[in-house]
Every structure is written in C-alpha cells, then in structure tokens.
Protein chains: 2
Amino acid sequence: MDVRELGEFGLIARLASGLGAASDSRLVMGIGDDAAVWRTGAGAYAIATTDTMVAGVHFLPAKVAWRDVGWKALAVNVSDISAMGGTPTFALVTLCLPPETAVEDVDALYAGLRECAEAYGVTIAGGDIVSAPVLSVTVALMGEATVSEAGEPLLLRRDAARMGDAIAVTGPLGGSAGGLRALVEGTSAQHADLVAAHMRPRARVETGNVAVRSGVRCGMDISDGLVQDLGRVCEASGVGAEIRMDDVPLFAGLGEAFGDDAARKLALTGGEDYELLLIAPDDVLRASGLPLHYIGRITGDGEQRVRVLNAAGNEIAIGTPGWDHLRPHAEPRS
Amino acid sequence: MDVRELGEFGLIARLASGLGAASDSRLVMGIGDDAAVWRTGAGAYAIATTDTMVAGVHFLPAKVAWRDVGWKALAVNVSDISAMGGTPTFALVTLCLPPETAVEDVDALYAGLRECAEAYGVTIAGGDIVSAPVLSVTVALMGEATVSEAGEPLLLRRDAARMGDAIAVTGPLGGSAGGLRALVEGTSAQHADLVAAHMRPRARVETGNVAVRSGVRCGMDISDGLVQDLGRVCEASGVGAEIRMDDVPLFAGLGEAFGDDAARKLALTGGEDYELLLIAPDDVLRASGLPLHYIGRITGDGEQRVRVLNAAGNEIAIGTPGWDHLRPHAEPRS
C-alpha cells in the first residue's frame, strides 16, 4: 500500500496510534489539534506547530511572488497558534534549496517572512538550510497559551463542541480558493483581491485571544475547507453539525467572478481562508463582542458529520469536502 | 548569483543580517549557535532547533534502513540540544512524502523516530505531512536549558572560548564518515560498526548537562567536521586554536579499514560524529569528572583559524575543512 491510498489523515491516525500515550505528563494537547500544547512552568504553557510549503505542490513558483510565499509560509503557522487562542513568539525556518536557486529569490522569500514576523510580533530565532532537488519552506512556530488568572491554559480545542452550540466564523470564506483558481486560470490581474487572499492570508491572533478570554472553548482555523474542518470538530467532539448555506459569508466578488454556485462551493470546501471557526453557546459568543458570522448549530451525536442546508432546510450535496495533502483533487493546489 | 556560489554559511549570514536585532528581549541566543534559546518564565528557558534529512542528499534510500533514517532524523536534533547543555522535551515531525511512498517504509521510519524519542525522553507532539516530489524528514525539537540555582541559563556557547583554554572532545571521531564511505563503496557488511556510527549517532545529553553544571561555558556538537566546527568557535570567540593530531581519538577500526592517513582525515573533517567539543580552562574540564580526550588549546586572536599540528609541532595541511550543505564535496554525503 502506498501513502496516497491511505491519505493524509489515515496516515496521521496510523502514525499517531503507534506513538501510544504520551510519557510526558506536561503535554496538554498532542497530535490531533491545530498545535501542540505543553506546560513549561507555573502558569506557563508553550504552543508549537509546523507547516511546510513545497514548490509545485503548495505554490507554483512561476505564478506567484517569492515575497508572498515567504509571508504565507509563516502566516499559516501563526494561524495555527491563533487557532489555539495563543500568541506566537519564536520561529525556526528551514529552507530546502536546489543549488541553482537565485539568491535574489531567497532574499525576496525572506523579506516576506520578515514582513509577516513583524506584523505578528514573531522573532525568527534559527533554522536550517539544506540542499534539495525541490524547493520547500518549513516553519516551526512556537507561541504561548493565553492563561487564566488561576494559571490554567485557555484553549480553543476541537473536542469541546456540545449539542446546541452555535457555530460562527470570523470572516468571509472562499477568497483564497478563488485566488488559487484565478492563478491557475491566468486571470490573477482581474482578481487581485482574491489572489491576495490566497497568498497573503491574515491570521486572527487578537480574535483568538479575545475568544478564549470570553469563554469560547471550541474552535480551529479553516485551512482545509469549512465542511472538512468542521467535520473534524464533529469527529473529535462526538457531535454533528448543520450549516445554513445562506448564512455562510462569501468573499466579496466571488459570485461575480465565478458564478453563485461555484462561489458557494469555494466557500464551503476551498480551504486556506484562515478565518477562525468558533463554537460555543450563543450567549458566550455574543458576549465576546467579536464581529462574527453565525452560520449553524451543533446537533446531537447521531451522525458525526456536517450537513449543509438550503433556505428550505433541505440538505445540499457538496461532493469532495476539502483538501487531503496526499490525495490531491483534480485541480492543482496553487 | 545562485545559492551554491554563496554557500550555506554565506547564505545564513546574509539572511541573518537582514533580520536585524531581535525585537523580543526574551531571546538569549538566536541564529549562530547550535540552537536558539529564549526565556519562557521565571528561571525557565526554552531551547529549539530544527534539522532536515532529504532523500538522496542526506541519505541514500537504497543503501540504508528506513528505521535508521528515523533514528538519525531525531538524534541529530537531540545532539543540538545537548550542544547547548540542555535537555530535549517535545518534537514536531514533518514528513514530505512522494505519493508512491510505501506505507511500510513510513512505518519503519516512524519506528526509528519513536525508538530515538524513547531513548532520550522526547515526546512527539505533532507535525505535518505533505505531498512532495522528494522524500524528506524535518524535526523541530524543543528542550529546556539547564539553569543555575539563581535561575540563570547555563549554556554551551560558541562565543565563549578564551586564550589558553583546553580543547576536549567527548569521544572518538571519524566513525560516521567512515560508515558513509563504506556505504558508498558497498562494503557496509564488513564495517557494521562504522555504518552504525553513521546511521545511529548517539547524542551526549547527560555529558552536556554535566559540563554546564561543572562550569564549562563553551562548546558545540561536531556535526560538520572537527576542523570546520572548531573554526566556528574561533570565529565566534575571536580566537585561534591548535589541535595536536596525535591526540585526536580515532574511531576504532578506522585505520585498519582505510589506512592511517585517510583515518586521520576522516576524524578531522568527516562530520556527523555528534560528539561534543568542550572548551574551558584545564581545571574546569578536569573537575567535571567527564572522560574527555584533550586534543588542543585555544591560542591568541592573531588568526581566527584552526591549526592542526603533528608530533613535531609543525602544521599539517588538511584541505577542505568540512561540510557545506550548498557546496557539496566531490564525494556524496551519504
């Protein structure tokens, strides 16, 4: 059997099960959430995450600016820290470079990394540079958890959704997937906003901080598509979910660019928007004061899956729910 | 200009200079040592490092066992933590996998990672799995610094060598490079000990801990070759160094396998031995009680370079001093 047959999530489950129970009692959250969390001292908790971008797989060097690749390589990691309600601190950057890589391209990539680091208060503290046949950038990002006055970590977990909870997102969806489509179709000049959403995602660090301080305990960032990511919350929490399609906020201009049906599909399954998905009782979400889009509700545990409903309350079939890194769709990823 | 012309260390210097001064006052050690160090709380300091192994560059899949690749991918990172005098804690593992990779090979690689994690008390807490044209394994490893009773971090730094200090190593050198040579020449069956030194390196965590508690303040691990690595200490500390060739401990069987001249060259320039290089006043090193090999002395700051001396005290020319990841030697790396 090859890894493509097993798929990314099958492989992660297989490898994680082989690891057994963590031997270190300081570990609060291991494999299976947006980032790992462990205790580093009295009332102090580290968060750590890592994400890789491979040329030709996660971005097409001929179609995008190196500076944007650098920004995105760090921003997607910042998003994982925000998806735990934490704040990023220090990063390690690994560059795998073919020997013929132009130094100017590496300069531009690093300029984008620096720009993103400054935007989120991250210090690049080290890394590794190696020769490789294919260019890739891997960022390992550390951060710290938001902590209660009693010294307990306040986290956005995937396994904390409860029946009746409201489901909200922090911003419009589908822009990134629309930008990818524009890049692939060669129409990026007409769709600069969409391309920017794809290559210059913003992480919701402040929003995540406010959410956990307001008592929100369940959430993640939308990296692989709303339906797929919400499906993971359902699986981890042992619940189901309903989304009201008409309440899902579409990225501005998405319908005009691709038509309403395609726009909806991009918003539901496109991925890489890096908005936060927040799940909590209505009053908790409303008391947070955050400007949220309420899109659905957590249902009983009969079926641990996501149902997308139209205005009449009937389920809409949506096909492939999102992105699996080892089982690519027919479309290129970017 | 391409990155090969600039070389790994030129590129690191270029990128590091672009980062400017760290904006985060908690950073104790950034780019330029074996690992980064920062303060996480009262009397608590995090250490973080990352290292990548690329198939065909850092190991030849056809010639080595996947389990050994997994061991080594983590062990070289553990060595970086030990090279700061610290103790490893949590790891993130990134696998870049071609879709046709056999699941059994990934299982074996992960078994080696787990074996190494258990040996050094490391918990694998997360990571990333992505599709890529070339297989690589990147480990980001976190650890904690050894701390004095006053709560100050006790570190092995590269910039703390002083004139007159003794230079010691914690074990024999050249075994790993000899193992690489045996693998390349197809004689690994006759040289199992050397191949084991190459694929199953041991990190000196306990030794590093004892060294910093004994007052040793300067050191690193020998990853790119004794002469090149000691040269970095010289550069960082603004000193020179003399090595007595006859006192450099050779890995057992190295002379018999390749002849005395080649054995000496492997020990001086081979790299990947992961023994520690410890530099301190004689009495500090001797009081540590560690079983050390004393191989030389730090000299004045006239020339910030390493001189290798024969029994008569004359300098020996040694050619290429060690490994640069973007400017490979004529020989393959493994």
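The figures here come from the full heavy-atom set of this structure, side chains too, leaving out hydrogens, waters and symmetry mates. Note on naming: letters A, B, ... go to the chains in the order of the sequence lines (proteins, then strands), and numbering restarts at 1 for each one.
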Where do A:Val93 and B:Leu15 land on the side-chain contact (heavy atoms from CB on, under 4.5 Å) test, with the steps shown first?
CA-CA 11 Å; A:Val93 177; B:Leu15 298 177; over 6 Å; no

CA sep, side-chain torsions, deciding dist, call: B:Arg26, A:Phe90, side-chain contact (heavy atoms from CB on, under 4.5 Å):
CA-CA 10 Å; B:Arg26 293 172 295 185; A:Phe90 294 94; 4.3 Å; yes

Between B:Val103 and A:Asp2, is the side-chain contact (heavy atoms from CB on, under 4.5 Å) condition met? List the steps.
CA-CA 5 Å; B:Val103 171; A:Asp2 66 32; 5.7 Å; no

For side-chain contact (heavy atoms from CB on, under 4.5 Å), just list the numbers for B:Glu144 and A:Thr40, CA-CA rounded to whole Å, side-chain angles, deciding distance to a tenth of an Å, and then say yes or no.
CA-CA 9 Å; B:Glu144 44 196 20; A:Thr40 57; over 6 Å; no

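In this structure, chain A has a heavy atom under 4.5 Å from the backbone of B:Thr49, while its side chain stays farther away. Neither the backbone nor the side chain of B:Leu113 comes within contact range of chain A, judged by heavy atoms closer than 4.5 Å. Within the 4.5 angstrom heavy-atom criterion, atoms from both the backbone and the side chain of B:Ala102 approach chain A. Contacts of B:Thr50 with chain A are made by both backbone and side-chain atoms, with heavy-atom separations under 4.5 Å. Looking at A:Thr94, only its side chain comes within 4.5 Å of chain B, counting heavy atoms on both sides. There is no contact between B:Glu118 and chain A, counting heavy-atom distances below 4.5 Å. Looking at B:Met142, the atoms closer than 4.5 Å to chain A (heavy atoms on both sides) all sit in the side chain, from C-beta outward. In this structure, the portion of B:Thr138 lying under 4.5 Å from any heavy atom of chain A is its side chain and not its backbone.
Here A:Ile124 contributes atom CD1 and B:Asp24 contributes atom CG; the two are 13.0 Å apart, rounded to the nearest 0.5 Å. Here the CG-CD distance, from A:Asp128 to B:Glu8, works out to 7.0 Å after rounding to the nearest 0.5 Å. Of the inter-residue distances, the one linking A:Cys96 atom SG with B:Met53 atom CE reads 12.0 Å to the nearest 0.5 angstrom. Here the OG1-CH2 distance, from A:Thr89 to B:Trp38, works out to 6.0 Å after rounding to the nearest 0.5 Å. Between the OG1 atom in A:Thr123 and the CD1 atom in B:Ile31 there is a gap of 10.5 Å [rounded to 0.5 Å].
Taking A:Leu95, A:Val54, A:Thr101 one by one and counting their heavy-atom pairs under 4.5 Å with chain B, the maximum is reached by A:Thr101. Among the candidates A:Gly41, A:Pro133, A:Ala140, A:Gly32, the residue making the largest number of heavy-atom pairs closer than 4.5 Å to chain B is A:Pro133.
Counting non-hydrogen atoms of neighbouring residues, nucleotides and ligands closer than 6.0 angstrom, the CD atom of B:Glu235 reaches no more than 12 such neighbours.
The side-chain contact (heavy atoms from CB on, under 4.5 Å) test with B:Val3 singles out one residue from A:Val106, A:Asp105, A:Ile129, and that residue is A:Val106.
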